[in-house]
Amino acid sequence: MNIRTHHMTLRTIAISALLVLSSHAWGGPVVWFDGQHAVSYTRQQKLSPVVGIALDMFNSDMKAVTGRKIENSGKGTIQIIQLDQLTNKEFKKLNKQRLPYQQVIALKDAFYIGVHEGHIVIIGSNGRGTAYGILELSRLAGVSPWIWWGDVKPERQERLVMSEKFKTLQAPSVEWRGISISDEDWSMRAWANDRTDTRLRKGDIGPRTYKKIFELLLRLRANMIWPATHEGTTPFARVKGNREVADSCDISVGNPDDVKLLWCDDNYGYLTRMPDEQQQQRKGGLGVFYHLSHKGQPHDYLWLSTTQPGLIFNELRTAYDMGAKHTWVVNIHDPKVAAYGLSLFMDMAWNIEYVHANTVQEHLLAWLKQQFGKEAGELLLPAMTEFYRLTGNRRPEFMGWSQVELDKQLYKQGFSPAGNTEFSALAFGNEIERYLGDYQKVKKIVDQVEKNIRPELKDAFFAAIKYPVYSASAMAVKQLEAQEARSLARPQSFHIDDEALESAARSINAYREIQQLTAYYNQKMSGGKWHNSMSMAPRALPVFGEPTLPDQLSEEEIQKYGAPEKYSAKLKPEISIVKNASDYSKATKGATPIEMLGHSMKAISLPKNGQLDYTFNIDKRGDAILRVALIPTHATNQADIRFAVSIDGNEPQVFSLKESNHSEQWKQQVMRGQAVQAMRVYLGWGTHTLSIKALDPHIIVDQWMIDYDADRKFYLFPILPALR
């Protein structure tokens with residue numbers, strides 16, 4: 001049983017000084033903090049250890065929100081009930097109170113919160129459910145789950161009030177919900193939390209760190225972990241204290257025994273297979289193992305966390321609808337860095353109806369408001385939406401256009417990859433400048449919002465917003481300006497070529513900017529709390545290094561030529577016709593726009609035999625190239641994944657997205673975030689209709705383009721983004 005409530009709770013509870021009614025008048029709202037007296041609670045005789053952990057966390061939360069610790073009182077305003085630990089006497093008393101425990105008792109990890117006879121009642125089906133309920137009150141008081149990991153200090157409240165009509169019953173959509181930190185160079189290994197524990201070997205993760213991880217999992221309503229198994233480190237269970245702290249937090253360690261099939265993505269967020277009808281009928285659990293970070297080919301992404309929210313939503317929702325409801329595990333390299341993606345994953349695992357295809361952006365907005373307040377969240381939404389578009393065009397880690405295994409081969413031969421990209425200064429009015437200009441617009445909004453952020457949230461803002469936005473932008477500047485310098489310069493004239501020197505100097509300054517941002521993150525942010533946790537060059541891959549330039553620049557040259565550039569190239573579509581998939585003239589039933597997915601940020605998912613039609617006019621006849629860009633999804637089973645393209649009802653051409661594991665085509669597609677298929681067409685003057693039809697499930701159309709210049713070199717389809 002799943003009740004969609006989380007969005008509603010933040011709207012239905014009143015936390016306001018405007019309410020001044022009595023806290024104990026039955027039938028009226030309950031004031032659980034009146035500005036003078038501590039938040040009080042009453043509890044049954046026996047509770048699971050995890051409930052004690054949650055109460056400790058709630059105590060800390062209320063200290064931050066109200067300035068006072070909570071009090072355990074026989075007449076406490078908050079009544080805490082754990083159903084599976086009640087004595088017979090307590091159970092009889094519960095019956096007399098006529099509380100709705102019957103709705104909760106048969107559900108795993110479930111809780112109920114409501115107002116009853118002047119009290120706030122939390123009823124948990126078990127220890128975890130009770131803990132989740134307690135921490136739900138923290139959320140209602142304005143405490144982010146990222147209070148510790150994100151340094152999101154809550155705003156002080158003078159009064160906390162719950163409406164007499166408030167009630168919520170919550171139970172998980174997915175039975176087992178957890179994270180994996182296996183097989184990654186996890187940045188937390190270098191972090192200082194355990195550095196004073198002399199019992200630990202260098203690089204080991206001990207109970208102090210795991211305690212904080214488990215507390216975060218409780219706040220995110222997760223219940224399991226696959227612990228770190230890095231080469232050369234001590235296994236989780238062999239580090240003294242790790243098992244005990246997991247047990248106290250009621251966090252399961254390893255694979256549930258009853259999971260039978262676990263479907264994995266391709267390490268880049270695209271699920272490779274899903275259960276067919278026969279597998280859906282099998283006894284035992286079906287699940288998903290998903291990646292928000294990865295170490296390996298074609299290229300790592302262990303620096304920033306930039307998986308598009310729409311992709312996370314679509315793949316997980318598709319898996320759930322096909323029966324993968326037993327276990328969801330997500331691979332991350334650092335909870336702090338993966339904060340938003342991890343929140344989205346866990347919100348969906350808790351309540352699959354929490355997000356829909358047309359509310360993905362709304363989820364991001366709610367998260368931004370939760371961290372930084374209503375005004376800041378609303379101002380940040382267009383900027384962070386654009387950030388996910390730009391990083392969806394190309395992850396910062398992929399901006400070197402290099403591959404892990406190819407880099408190794410070049411190093412063995414004595415060469416260092418230069419890292420030329422497919423962005424072109426000659427295409428469509430200079431797509432390099434346009435891409436960099438789009439990043440500048442995002443940075444401008446971030447700058448404006450930062451000025452009005454509460455002082456105690458400055459470092460939270462830096463870690464979650466400014467560092468990823470500024471670093472991704474600087475990586476793009478570093479790589480693309482270095483490419484410009486190499487293309488402009490001649491060895492004999494480089495140091496007298498002003499234009500080449502300007503690009504080179506800006507590239508160097510961008511590299512230094514990443515160094516400065518990372519130094520602040522590691523040394524000064526939050527008073528040094530995150531010492532050495534952020535690496536600006538995971539595994540020292542070439543893309544993270546100093547820019548490759550025609551020659552070295554002196555400091556004098558860098559100062560002279562390195563002034564920031566205001567990128568303002570205008571889009572010139574030239575002789576081409578371009579549309580996003582969502583700009584269709586007609587669509588069959590079941591065509592679903594997915595927010596925050598693809599280069600278009602609204603790719604269209606088609607069911608089998610679903611079709612999109614586009615009407616367009618041309619005033620030029622002749623041969624052209626038609627390119628259709630899709631999200632590089634995989635077949636939902638071992639079958640094919642095909643689509644057909646036709647113009648004006650003529651014989652369709654059939655394409656397949658099916659790729660063998662680690663084929664070169666697959667590598668290029670996952671790094672681009674698009675699978676582009678091309679066909680030659682001849683078009684006459686007048687009105688035409690383009691039709692795109694899905695012949696198999698899991699087809700998601702992103703953009704299409706007709707180009708009369710068959711030899712044009714470019715990277716992005718020339719279409720204006722929403723943020724201008």
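- With 3.5 Å as the limit, one finds no donor-acceptor pair spanning the side chains of R389 and S600.
- Residues T327 and V288 form no side-chain contact, since every pair of their non-hydrogen atoms from C-beta on lies 4.5 Å or further apart.
- The aromatic ring centroids of Y354 and H356 lie 6.0 Å or more from each other.
- A donor-acceptor contact shorter than 3.5 Å links the side chain of S173 to the backbone of I352.
- The aromatic rings of Y388 and Y340 sit tilted relative to each other, their planes meeting at an angle between 30° and 60°.
- Taking the six-membered ring for Trp and thresholds of 30 and 60 degrees, F214 and Y210 have nearly parallel ring planes, at less than 30 degrees apart.
- Listed by first and then second residue, the salt bridge (Lys or Arg N to Asp or Glu O under 4.0 Å) pairs that reach into residues 99-113 are K108-E175, D109-R128, D109-R177, sequence neighbours excluded.
- At least one side-chain heavy atom of M162 sits less than 4.5 Å from a side-chain heavy atom of I113.
- Listed by first then second residue, pairs satisfying ring-ring contact (aromatic ring centres under 6.0 Å, His included) with a partner in residues 250-273 read Y268-H294, Y268-Y301, Y268-W666, not counting sequence neighbours.
- Under a 3.5 Å cut-off, the side chain of N331 and the backbone N or O of S293 do form a donor-acceptor pair.
- Judged by distance alone, the side chain of Q669 and the main-chain N or O of Q674 form no donor-acceptor pair under 3.5 Å.
- Looking at residues two or more places apart in sequence or on another chain, you find no side chain to side chain donor-acceptor pair (under 3.5 Å) involving N59.
- Between the side chains of E136 and T168, no donor N or O sits under 3.5 Å from an acceptor N or O.
- The OG1 atom of T633 sits 5.0 Å away from the NE2 atom of H698 when rounded to the nearest 0.5 Å.
- At distances below 3.5 Å, at least one donor-acceptor pair connects side-chain atoms of Q44 with backbone N or O atoms of Q82.
- Closest approach of A383 and I445 over heavy atoms only: CB-CG2, 3.7 Å.
- Between T307 and F345 there is no side-chain heavy-atom pair separated by less than 4.5 Å.
- Outside the 6.0 Å centre-distance limit, the rings of Y112 and Y101 are not counted as a close aromatic pair.
- Looking at N126, its side chain does come within 3.5 Å of a backbone N or O of G129 through a donor-acceptor pair.
- Rounded to the nearest 0.5 angstrom, N223 CG and C249 SG are separated by 12.5 Å.
- For the pair K325 and Y320, the distance from NZ or CZ to the six-membered ring centre is under 6.0 Å and the angle to the ring normal is within 45 degrees.
- Between the side chain of H119 and the backbone N or O of E117 there is at least one donor-acceptor pair closer than 3.5 Å.
- Between the side chains of E164 and H116, no donor-acceptor pair is found at a separation under 3.5 Å.
- Looking at residues two or more places apart in sequence or on another chain, you find a side chain to side chain donor-acceptor pair (under 3.5 Å) between S144 and Q371.
- Between D702 and H599, the side chains place no donor N or O within less than 3.5 Å of an acceptor N or O (distance only, hydrogens not considered).
- Here the CG-OG distance, from D613 to S585, works out to 7.5 Å after rounding to the nearest 0.5 Å.
- Looking at heavy atoms from C-beta onward, S163 lies out of side-chain contact with V115 at the 4.5 angstrom threshold.
- T592 places a side-chain N or O within donor-acceptor distance of the main-chain N or O of G590, the cut-off being under 3.5 Å.
- Side chains of S138 and M57 form no contact here, defined as non-hydrogen atoms less than 4.5 Å apart.
- A distance of 12.0 Å separates CG in L292 from CG in N267, rounded to the nearest 0.5 Å.
- Of the charged side-chain nitrogens involved, at least one lies within less than 4.0 Å of a carboxylate oxygen, so that R219 and D61 count as a salt-bridged pair.
- Side-chain contact between I179 and I213 is present, with heavy atoms from C-beta onward closer than 4.5 Å.
- Atom CG in L55 sits 7.0 Å away from atom CG in L47 (nearest 0.5 Å).
- Screening residues 374-384 for salt bridge (Lys or Arg N to Asp or Glu O under 4.0 Å), with sequence neighbours left out, gives K369-E378, K374-E378.
- Side chain of D334 to main chain of K336: a donor-acceptor pair is present (N/O by atom type, distance under 3.5 Å, no hydrogens or angles).
- For the pair H291 and V330, the minimum side-chain heavy-atom distance is 4.5 Å or more.
- Every ring pair (Phe, Tyr, Trp, His ring centres under 6.0 Å) that F643 has, sequence neighbours left out, goes to F655.
- Neither side chain, Q611 nor N609, offers a donor N or O lying under 3.5 Å from an acceptor on the other.
- Here the options are I122, T130, V121, the test is side-chain contact (heavy atoms from CB on, under 4.5 Å), and the partner is I81; only V121 passes.
- Remark: the backbone N or O of G254 is paired with a side-chain donor or acceptor of W226 at under 3.5 angstrom.
- Judged as a side chain to side chain donor-acceptor pair (under 3.5 Å), and not counting sequence neighbours, the contacts of D640 are S656.
- For W367, the side chain to side chain donor-acceptor pair (under 3.5 Å) partners at least two apart in sequence or on another chain are S343.
- Every pair tested for salt bridge (Lys or Arg N to Asp or Glu O under 4.0 Å) that includes a residue from residues 593-612 fails, sequence neighbours excluded, so the list is empty.
- Scanning for side chain to side chain contact (heavy atoms under 4.5 Å, CB included) contacts around A694 gives L606, I699, with sequence neighbours left out.
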> Could you walk me through whether E353 and R317 pass the salt bridge (charged side-chain N to carboxylate O under 4.0 Å, His left out) check?
Replying inline: CA-CA 9 Å; E353 299 300 332; R317 181 72 210 219; 3.3 Å; yes

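- L364 approaches M596 most closely through the heavy-atom pair CD2-CE, 3.6 Å.
- Under the 3.5 Å distance criterion, the side-chain polar atoms of D266 are left unmatched by any main-chain donor or acceptor of T272.
- The ring pair (Phe, Tyr, Trp, His ring centres under 6.0 Å) test applied to F387 returns no partner, not counting sequence neighbours.
- A cation-pi arrangement is present between K212 and W148, with the terminal nitrogen or guanidinium carbon under 6.0 Å from the aromatic centre and inside a 45° cone about the axis.
- Side-chain atoms of Q97 and N95 form no donor-acceptor pair, as typed in the model, at a separation below 3.5 Å.
- Within the 4.5 Å cutoff, side-chain heavy atoms of L137 are placed close to those of W32.
- Every residue was checked against the ring pair (Phe, Tyr, Trp, His ring centres under 6.0 Å) condition with F33, not counting sequence neighbours, and none meets it.
- Separating the CE atom in M322 from the CG atom in L271 is a distance of 10.5 Å, to the nearest 0.5 Å.
- In this structure, W328 has its ring center at least 6.0 angstrom away from the ring center of Y290.
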